[in-house]
**Student:** 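Encoded as C-alpha cells, here's the structure I'll be asking about.
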Amino acid sequence: MEWDEFAHWGKHISDWAAEYHKTLRDRPVRAQTAPGKIAAQLPTAPPESAEAMDAIMADFERIVMPGITHWQHPRFFAYFPANAAPPSMLAEMLVTTIAAQCMLWQTSPAATEVEGVMVDWLRQALGLGAGFSGVIQDSASSATLSAVLTMRERATGWRGNREGLSGQGALRIYCSDQVHSSIDRACWVAGIGQDNLVKISTTGPRHGIDMEVLRRAIASDRAAGHIPAGIIAVTGATGIGASDILGPVLQVARDEDLYTHLDAAWAGAAMICPEFRNDFWADVDGFDSIVFNPHKWLGAQFDCSVQFLRDPQAQLNTLKIEPEYLKTSGAKVTNFSEWTIPLGRRFRALKIWFLLRAYGVEGLRGRIRNHVTWAGELCERIRALDGFEIVTEPILSLFSFRCPGDDATQQRLVDALNDDGRIYLTQGMHKGRKIIRFSVGQFDCTRDDVMMAAQVIDEVWKEIA
Ligand SMILES: *Cc1c(COP(=O)(O)O)cnc(C)c1O
C-alpha cells in the first residue's frame, strides 16, 4: 500500500468511527449471530493475489460488523465496561503509527519517561502515597502474575527462579472466595498450585475477607509446615463487587511477614473520587503492589493496566534479566521491560496522557459519580418490579438481582434480554444462586440509557413469564 492510499483510507476509517459511535444506540448491543456464521462467510484459503482496499472494507462491514458485540454501546451493562474514550483512540492511532517497541529507555526514551510521569499522575489522581512508583502492563492478569511470582521468590529466598520449585515446600497464598479467576491462573502458572491458593470466606455488607478465618488458616498452615507467601486482597471483585477491609488484612500481613497485592482492576478507577476512598481504600498505602485497569471504567482504550509498586526492587529481583543484547551503556535509566514478564512493550502511556488532558481528572470524576448515582436509582426501580429481588446492594455501580423463579428462569430472562438487544446483561453466581448482574459504567451512557433498562427488563419479563 502506498502512503497516499493509506492517508485516504485513514480518513475514511476515522469518519467511519465517528459515524459508528454516533449511531450505536440503534444497534443491538450483543451480536445476534449464530455460532459458525461469520467463519462460514470467509474463504477457507488465503488470497494469492492482491485485493483492493474498497473490497476489503466492504467485506469488513458486510461480514465482520454483524458479528460484533458493541462494548462501546451506551446500554452495555454486562461484565465491566471496557471504555475507549475518543482521545485515547486517537493516541492509540499515533502509537500504532510510530509502532515503537518500548522495552528499554533507549528504544524510545519518550515512552519510558511519559510512562513514568503518567503512573505518577494516576498515583496522585487515586490519592496514593508518594512512595509508589509503577509500570503499565497489558492486563491485570499479567500484573497479578508478576505479584504472585514476586511472592514466590521472596518466600523461597529468591531460589525458585534458579532451582525450580521442587523441594521448596508448599507455598501458600491467601485471598477471599470472591477473587477474579486471574488470581487462580496466576497461582497455576507460577507453580503455586490451585490447592495452595487458600480462599477465605467473606463477611459483612461489603463481602470482605473474614479476618478470624484468615488468621486461623495461616496458623494452621504454619503448624503443618507450609510456607505462607502472600495475601491478595480485592477492591470491587467481579461477581458482586466484594471489597476487603484493607487495614486488618495489612495488619495480618505485617504480623506474618507476607507480601501483599491488591486487585482493584475495576473499582480502582472510582478512587479518583475522594469521597469513595474512606469506604473502600482506607490504609491502601500499605500494599506492596496494587493493580488497576484504566482500560475499564476510566476510558483508556484496551489494553492499559497500571501496577503500582511500593518498592519495585522485589519485583525487579524476580523478573529482571539482562542479556548482553539488552544492555544499555552510559547513564542509569529505567528499563520497564525488567519490571514485567513480556519483553516487548507498547507505548500505552500516551493514551493516559491524551485522556487525562482531554477531560481533566474532574471530567472523569463527573462520569463515575453519575454512574454510581444512576446505578443506585435503577436498583430502586428494579426492586419495585413485582416479585423482583435485589440480591446484592450496589457496590459503587454494580448490583445484582433476581426475577421470580428458579435459576433456569434467571438465565432465560438474561438470554431473552440479550436477544431483545436494547440492553446487555450477564449472569453470575452468589451463595449458590444464579443472579443477574447490572454494571453501569459505559463512557457515553446517559441517565436515560440506564433508566430505560428497568422498562426493558419489565417488558421482556412479562413476555417470557
Ligand atoms: C477485569 C478484572 C480482572 C482481569 O483484568 P484483565 O486486565 O482482563 O486481566 C481482574 N480482577 C478484577 C477484579 C477484574 O474486574
Side-chain angles (χ1 to χ4, degrees), residues 69 71 76-84 88 122 126 134-149 173 175-190 197 199 202 206-209 230-244 246 249 260-271 276 280-281 284 287 289-308 340-342 345-346 348 351-352 368 371-372 375 392 394-400 426-430 435 437-442:
T69 292
W71 282 72
F76 181 102
F77 304 118
Y79 311 101
F80 281 137
N83 289 329
S88 83
L122 287 172
L126 298 181
V135 60
I136 303 184
Q137 304 223 25
D138 57 353
S139 64
S141 302
S142 300
T144 294
L145 176 56
S146 307
V148 167
L149 290 167
I173 290 179
C175 62
S176 89
D177 59 13
Q178 293 290 316
V179 295
H180 187 265
S181 54
S182 57
I183 280 98
D184 300 72
R185 288 212 287 198
C187 290
W188 299 354
V189 303
L197 178 63
K199 293 195 178 172
T202 55
R206 290 275 166 71
H207 313 275
I209 201 163
I231 305 179
I232 299 176
V234 62
T235 302
T238 315
I240 56 157
S243 298
D244 295 322
L246 305 182
V249 171
T260 50
H261 174 65
L262 175 64
D263 178 3
W266 161 64
M271 301 305 132
F276 298 132
F280 287 93
W281 259 19
V284 68
F287 277 87
S289 164
I290 301 169
V291 64
F292 120 84
N293 283 348
H295 70 225
K296 277 186 170 157
W297 204 352
L298 200 68
Q301 155 120 353
F302 187 86
D303 52 9
C304 189
S305 179
V306 176
Q307 184 189 17
F308 295 103
T340 59
I341 298 160
R345 318 183 72 248
R346 308 177 63 245
R348 300 189 181 92
K351 293 184 278 206
I352 300 283
I368 283 172
H371 298 161
V372 172
T392 60
I395 293 182
L396 298 168
S397 65
L398 172 66
F399 64 92
S400 68
T426 42
Q427 73 287 342
M429 271 310 232
H430 182 65
I435 51 167
R437 295 171 74 262
F438 202 104
S439 153
V440 181
Q442 205 285 323

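Order of listing sets the numbers, starting from 1, for every ligand and every atom in it.
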**Student:** Should you measure from each heavy atom of Thr238, which atoms of ligand 1 turn up under 4.0 Å away?
**Tutor:**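 Ligand 1 atoms under the 4.0 Å threshold to Thr238: 12 (C), 13 (C), 14 (C), 15 (O).
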**Student:** Quick check for you: to the nearest 0.5 Å, what is the distance between Leu197 atom CG and Ile183 atom CD1?
**Tutor:**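 The CG atom of Leu197 sits 8.0 Å away from the CD1 atom of Ile183.
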**Student:** To the nearest 0.5 Å, what is the distance between OG1 on Thr260 and CD1 on Ile290?
**Tutor:**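 Between Thr260 OG1 and Ile290 CD1, I get 8.5 Å after rounding to 0.5 Å.
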**Student:** Closest non-hydrogen protein atom to atom 1 (C) of ligand 1, residue and atom name please, with distance?
**Tutor:**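 Heavy-atom neighbour on the protein nearest atom 1 (C) of ligand 1: Lys296 NZ, 1.4 Å.
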**Student:** Show which atoms of ligand 1 fall inside a sub-4.0 Å distance from at least one heavy-atom site of Phe80.
**Tutor:**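 Taking each heavy atom of Phe80 in turn, ligand 1 has 15 (O) under 4.0 Å.
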**Student:** Does Ala265 reach ligand 1 with a nitrogen or oxygen that is under 3.5 Å from one of the ligand's nitrogen or oxygen atoms?
**Tutor:**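 Among all N and O atoms of Ala265, none is under 3.5 Å from an N or O of ligand 1.
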**Student:** Which ligand 1 atoms does Gly236 reach within 4.0 Å, using its non-hydrogen atoms?
**Tutor:**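 Taking each heavy atom of Gly236 in turn, ligand 1 has 13 (C) under 4.0 Å.
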**Student:** Return the closest protein heavy atom for atom 4 (C) of ligand 1 as residue, atom name and distance.
**Tutor:**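 That would be His180 CE1, 3.4 Å.
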**Student:** Which pair of non-hydrogen atoms, one from Gly428 and one from Arg437, has the smallest distance, and what is that distance?
**Tutor:**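 Scanning both residues, the minimum pair turns out to be N-CG, 4.4 Å.
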**Student:** Report the distance from atom CG of Leu262 to atom CZ of Phe292, rounding to the nearest 0.5 Å.
**Tutor:**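 Atom-to-atom, Leu262:CG and Phe292:CZ are 12.0 Å apart.
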**Student:** Mark the output for Ser182 as yes if a heavy-atom distance to ligand 1 is under 4.0 Å, and as no if none is.
**Tutor:**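 Within the 4.0 Å threshold, so yes.
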**Student:** Quick test: of every protein heavy atom, which one is nearest to atom 8 (O) of ligand 1, and how far off is it to 0.1 Å?
**Tutor:**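 Going by distance alone, atom 8 (O) of ligand 1 is nearest to Ser139 CB, 4.4 Å.
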**Student:** Taking atom CD1 of Ile232 and atom NZ of Lys199, what is their separation to the nearest 0.5 Å?
**Tutor:**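 It is 10.0 Å, given to the nearest 0.5 Å.
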**Student:** Between atom NE2 of His207 and atom NE2 of His430, what is the distance when rounded to the nearest 0.5 Å?
**Tutor:**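 The NE2 atom of His207 sits 5.0 Å away from the NE2 atom of His430.
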**Student:** For a 4.5 angstrom cut-off between non-hydrogen side-chain atoms, does Trp297 reach His371?
**Tutor:**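 Trp297 reaches His371 side chain to side chain.
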**Student:** Does any N/O atom on Asp138 come nearer than 3.5 Å to any N/O atom on ligand 1?
**Tutor:**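 No.
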**Student:** When you measure from atom 9 (O) of ligand 1 to every protein heavy atom, which one gives the shortest distance, and what is it?
**Tutor:**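 Nearest neighbour among protein heavy atoms for atom 9 (O) of ligand 1, to 0.1 Å: Ser141 OG, 2.6 Å.
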**Student:** Please indicate whether any nitrogen or oxygen in Asp263 is less than 3.5 Å from any nitrogen or oxygen in ligand 1.
**Tutor:**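 Min N/O separation from ligand 1 is below 3.5 Å for Asp263.
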**Student:** Can you name the atoms of ligand 1, numbered from 1 with element, that are less than 4.0 Å from a heavy atom of Asn293?
**Tutor:**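 Numbered from 1, ligand 1 contributes 5 (O), 6 (P), 7 (O).
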**Student:** Could you check atom 7 (O) of ligand 1 against the protein and tell me its nearest heavy-atom contact, residue, atom and distance included?
**Tutor:**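 Closest protein heavy atom to atom 7 (O) of ligand 1: Ala140 N, 2.8 Å.
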**Student:** Please report the interatomic distance CD1(Ile352) to NE2(His295), rounded to the nearest 0.5 Å.
**Tutor:**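 Rounded to the nearest 0.5 Å, the CD1-NE2 separation comes out at 10.5 Å.
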**Student:** Measure across Ser88 and Gly299 and return the closest heavy-atom pair with its distance rounded to 0.1 Å.
**Tutor:**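 Where Ser88 meets Gly299 most closely, the heavy atoms are OG-O, 3.2 Å.
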**Student:** Of all the atoms in ligand 1, which lie at a distance below 4.0 Å from a heavy atom belonging to His295?
**Tutor:**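 Matching atoms, with element in brackets: 7 (O).
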